[in-house]
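Predicted model, so just to flag it, every value in this text is computed and none were measured. Side-chain atoms are counted along with the backbone in the values below, which use heavy atoms only and exclude waters and symmetry mates.
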Amino acid sequence: MKNRFLKLSLLLYLLPLSLFAQVQLESALKDAANAPIIEDIPVAPNGFVFEKPTTNNSIKYKSSITFNRTIYVDAKNGKDKNDGLSAKKAIKSLEKLGTMKLTFGDQVLLKGNQTHFGTIELLNLNKKKKATEKIHIGSYGKGKATIDFKGYPAGIMVQNTSNVIITDLKITGDGGPSNAKPMKRPQDQKKDQRYAIRIQSDETHPHSLMEDFTVYNVDIYDVFLLNSAETSRACRQWNMNDGAGWGWGVFGQVLRKGKGINNVTVKHVTVENISQMGIRFKGSGKIDGSAPRNVNNVHIEFCTVYQAGGPGMQFNRCNNSHLKYSRITESGNRNDKRKWGRGSGMWTWGLQNFLFEYNVFEGAQGIADCCGAHIDFNCKNVVLQNNLSRYNAGGFIEILGLNYNCSYRFNISVNDGWRNMKDPAQAFWGKVGTPGAIVTVNGHNHKKQYEGPYQTYIYNNTIINTKEGNAPYKNPNVFNISTSNEGLVMMNNIFWMEEKANKGWSMHRWKDDAAYDAAFDFKISNEPKPNAKPEKGFDGSVAAKARPMNAEELAKMELNMRNNIYQLYNEKGTDKYSKVKNALAEGYWDEKAMGGNPDFENEKGSNPSDFVPKNTVLISAGEKIEKLKSDKTEKGIYFGGLEVTTDFFGNPIKGNIIGAVVPNAKIRDWSKVMKENDKPLEN
């Protein structure tokens, strides 16, 4: 085994800069002077057209709660001299509503099919003892009301206040009085962000623990801080902060010493065309999510984020949560110069116990990351299962450093990882970035040296990557799997690619007396090369000498990569293109690479139903997934253990299979599955 490993060379590339360094736009443009901004908007490979979201204009929330006071707002026929306590005596404006001292037990209903200008604020209403009564903001009449908060920091601002229900609304906030003066009120002039719904726990109030929120049947669209931008703000560097701020959808955040946010339901919410993230929850405790002051128990279902300028959704120090039956389409979108133009469909940081299932992540764009859904640093027990990932420029799987017991299993990936910085047809990325990668599992983190990830389980995924599916682009087909891993299972996957996977970068770097253990060919950075000069692109690191890994280091890696099917192999185990036994790219290794044809329904397609295999014998040759020796947890995977009893479509699995779908599977329409599981909101 030692000699076998020593012959291997997993060649990898390095994501060289911290995701958190802030780069001014002026500096970014100066650094990229030889790579001028290209206003071209990336077009998805294969001519694929993403489905636009559909919304409704119905009032769906039905409550059994008896409110102490219901305030009606009618922008057309109301009068601010009225008391607002009946539809006939409705007040007219949100400005008047702001003077009525909203509190627990109040319900605010806005007249439907009208636009109400301004903001609704629920600030510091918590008392020492948690209130038992709710606050509801919704619509009345024959359709949803619209809140237009142009020129205000938030459409609905909830600060240090619990027990809030927000339903049946449309919310938009497209700019302000001017770019130089984005806010209307004098007290808001220093605020440089705009939020459709802002949930904020902070230290300005002694009772800042915020609990029990519901956002239901709400449509958010066109949220921007600026009125216009002369030059595209689309990110061409690793990070960008030009000081001009952004527009957000739903953002729940614990600031500084705020005591936390607990128990949030976000259901049937659509976010469309905003400059930054669609849905985000962020705590402020320890980076591993273990301390108070974080976000807990967030449940997001049946939500859609479409063409967000940044990531579709992001979860930071957010624990014991669940995202399912949701769709994120074209994150990192740059069809408006005010957008950031970079972002994964979803990414995580510092989470514990978060399950993502039955979601669609598609069309992510931008430099760096920009996967369908990726697991960033410091996470524990994050699982992605039964998701569809397709046409995401950055890739399918990305698990970075200091992550524990994370998994991708029973997902389908279609033509992910098509970003190629060397492809002339992709000049819109600029000159700074990395190639897309089908699978990235490396120890990149906030420290100087790569660490982990630890006990990673990647199994039973169906991964499709074809020439036709990536046209007119040239897919780099990179595997980025570093030897900083400690415990890695990659089994029973299908890698259906028409070309060899290119070897990743083998960048042995050295900085501040510590190795950048970023990219390995089963060698370790040993010392800097003589007279090596620092390179700005690698954060001041220099080229390093390398030595082979020793037996102890190889054992610590505990790599279990076997029983995967590759299109590169034919039934005899040789490469049908090169006619050699070493069929995979140089530096990539599989202990038991499988040949054979799964016989998909339509391997040139883009939908899950296209990748139902008909080769029963081949697909039934899966192996049981065993727990890693280094894994000290009870079940290996927090959510249900390692054994999975149903496939991508919910069909029962007999024995062990390869890929995400049983042979000749019965197709279950996800829209029907969603409807079956979509229960009315009850409060």
Side-chain angles (χ1 to χ4, degrees), residues 15 19 50 266 271 277-281 298 300-308 310-316 318 321-333 342-351 353-366 368-400 403 405-419 436-442 444 453 456-464 480 493 608 637 639 648 660 670:
L15 299 179
L19 294 176
F50 299 102
V266 182
V271 183
M277 301 184 191
I279 298 176
R280 188 183 195 191
F281 285 90
V298 175
I300 300 175
E301 301 180 13
F302 307 102
C303 290
T304 300
V305 179
Y306 180 71
Q307 294 188 341
M313 298 186 190
Q314 199 273 327
F315 304 96
N316 186 322
C318 180
S321 298
H322 199 175
L323 171 70
K324 62 181 179 180
Y325 303 134
S326 295
R327 179 186 294 268
I328 301 174
T329 300
E330 293 187 271
S331 56
N333 178 264
R342 171 187 167 187
S344 292
M346 184 284 303
W347 65 276
T348 71
W349 197 89
L351 307 190
N353 311 337
F354 208 130
L355 178 62
F356 300 86
E357 60 179 347
Y358 301 107
N359 304 293
V360 178
F361 305 105
E362 56 187 1
Q365 299 176 1
D369 302 315
C370 298
C371 302
H374 85 265
I375 303 173
D376 223 286
F377 319 154
N378 306 304
C379 294
K380 183 178 181 181
N381 301 333
V382 173
V383 175
L384 288 93
Q385 63 185 25
N386 296 83
N387 300 290
L388 170 63
S389 176
R390 59 185 174 185
Y391 298 106
N392 297 289
F396 168 42
I397 293 172
E398 184 176 80
I399 303 176
L400 299 179
N403 288 312
N405 289 86
C406 294
S407 177
Y408 285 71
R409 59 183 184 179
F410 288 87
N411 304 285
I412 293 178
S413 166
V414 183
N415 295 319
D416 286 323
W418 57 272
R419 181 183 60 224
I438 297 169
V439 177
T440 295
V441 193
N442 70 33
H444 179 60
T456 301
Y457 294 90
I458 298 171
Y459 62 100
N460 285 98
N461 299 285
T462 296
I463 301 169
I464 313 299
N480 179 350
N493 300 291
I637 296 217
F639 298 97
F648 178 89
W670 272 16

Problem - Ile438 side, atom CD1; Cys371 side, atom SG - distance, nearest 0.5 Å - result: 11.5 Å
Exercise for the section: Taking the side chain as every heavy atom from C-beta outward, state whether Ile300 and His322 have any pair of such atoms under 4.5 Å apart. Expected result: no
Fill in the blank from the handout: d(Tyr306 OH, Asn333 CG) to nearest 0.5 Å is 8.0 Å
Practice task
Look at the side chain of Ser321 and the backbone N and O of Phe354, then say whether any donor-acceptor pair between them is shorter than 3.5 Å.
Solution key: no
Practice task
Please tell me if the side chains of Leu351 and Asn353 come closer than 4.5 Å, counting only heavy atoms from C-beta onward.
Solution key: no
Handout entry: Distance in Å, Arg327 CZ paired with Asn387 CG, rounded so as to fall on 0.5 Å steps
Key = 12.0 Å
Problem - Ring geometry between Tyr408 and Phe396 (parallel below 30°, tilted from 30 to 60°, perpendicular above 60°) - result: perpendicular
Problem - Distance in Å, Thr440 OG1 paired with Asn442 CG, rounded so as to fall on 0.5 Å steps - result: 6.5 Å
Exercise for the section: Indicate, with yes or no, if the rings of Phe648 and Phe410 have centres closer together than 6.0 Å. Expected result: no
Exercise for the section: For residues Phe639 and Ser407, determine if any side-chain heavy atom of one lies less than 4.5 Å from a side-chain heavy atom of the other. Expected result: no
Handout entry: Closest approach of Phe50 to Gly363 (non-hydrogen atoms, all atoms of both residues)
Key = CZ-CA, 3.5 Å
Exercise for the section: Taking all heavy atoms of Val266 and all of Cys303, pick out the closest pair and write down the distance. Expected result: O-SG, 3.6 Å
Practice task
Identify the residue among Asn493, Leu384, Asn411 that makes a side chain to side chain contact (heavy atoms under 4.5 Å, CB included) with Ile458.
Solution key: Asn493
Exercise for the section: Classify the angle between the aromatic ring planes of Phe356 and Phe315 as parallel (below 30°), tilted (30 to 60°) or perpendicular (above 60°). Expected result: tilted
Practice task
List the steps and the verdict of side-chain contact (heavy atoms from CB on, under 4.5 Å) for Arg409 and Ile637.
Solution key: CA-CA 11 Å; Arg409 59 183 184 179; Ile637 296 217; 3.8 Å; yes
Problem - Separation of Ile375 CD1 from Trp349 CH2 (nearest 0.5 Å) - result: 15.0 Å
Exercise for the section: Check whether any side-chain N or O of Asn392 sits under 3.5 Å from a backbone N or O of Ala364 as a donor-acceptor pair, and report yes or no. Expected result: yes
Practice task
Would you tell me whether Asn405 and Asn381 have side-chain atoms, one donor and one acceptor, within less than 3.5 Å of each other?
Solution key: no
Problem - Ser413 backbone acceptor or donor facing Asp416 side chain under 3.5 Å - result: no
Practice task
Begin with the C-alpha distance, continue with both residues' side-chain angles, and end with the deciding distance and a verdict on side-chain contact (heavy atoms from CB on, under 4.5 Å) for Val271 and Ile279.
Solution key: CA-CA 8 Å; Val271 183; Ile279 298 176; 4.3 Å; yes
Fill in the blank from the handout: Residues Ser331 and Gly312: closest non-hydrogen pair is CB-N, 3.6 Å
Exercise for the section: Examine the side chains of Asp369 and Ser344 and answer whether a donor and an acceptor come within less than 3.5 Å of each other. Expected result: no
Problem - salt_bridge(Arg390, Glu362) N-O dist < 4.0 Å - result: yes
Exercise for the section: Check Pro453 against Val441 and note the closest heavy-atom contact, atom names and distance. Expected result: CG-CG1, 3.6 Å
Handout entry: Lys380, NZ: over 12 other non-hydrogen atoms inside 6.0 angstrom
Key = no
Exercise for the section: Test Leu355 against Lys324 for side-chain contact (heavy atoms from CB on, under 4.5 Å), laying out the working first. Expected result: CA-CA 8 Å; Leu355 178 62; Lys324 62 181 179 180; over 6 Å; no
Exercise for the section: Classify the ring geometry between His444 and Phe377 as parallel (under 30°), tilted (30 to 60°) or perpendicular (over 60°). Expected result: perpendicular
Practice task
Would you name the heavy atoms of Ser326 and Glu301 that are closest together and state the gap between them?
Solution key: OG-C, 3.8 Å
Problem - Euclidean distance, Gln365 CD relative to Tyr391 OH, rounded to 0.5 Å - result: 14.0 Å
Practice task
Check for a donor-acceptor pair, side chain of Asn359 on one end and backbone N or O of Glu357 on the other, with a separation under 3.5 Å.
Solution key: yes
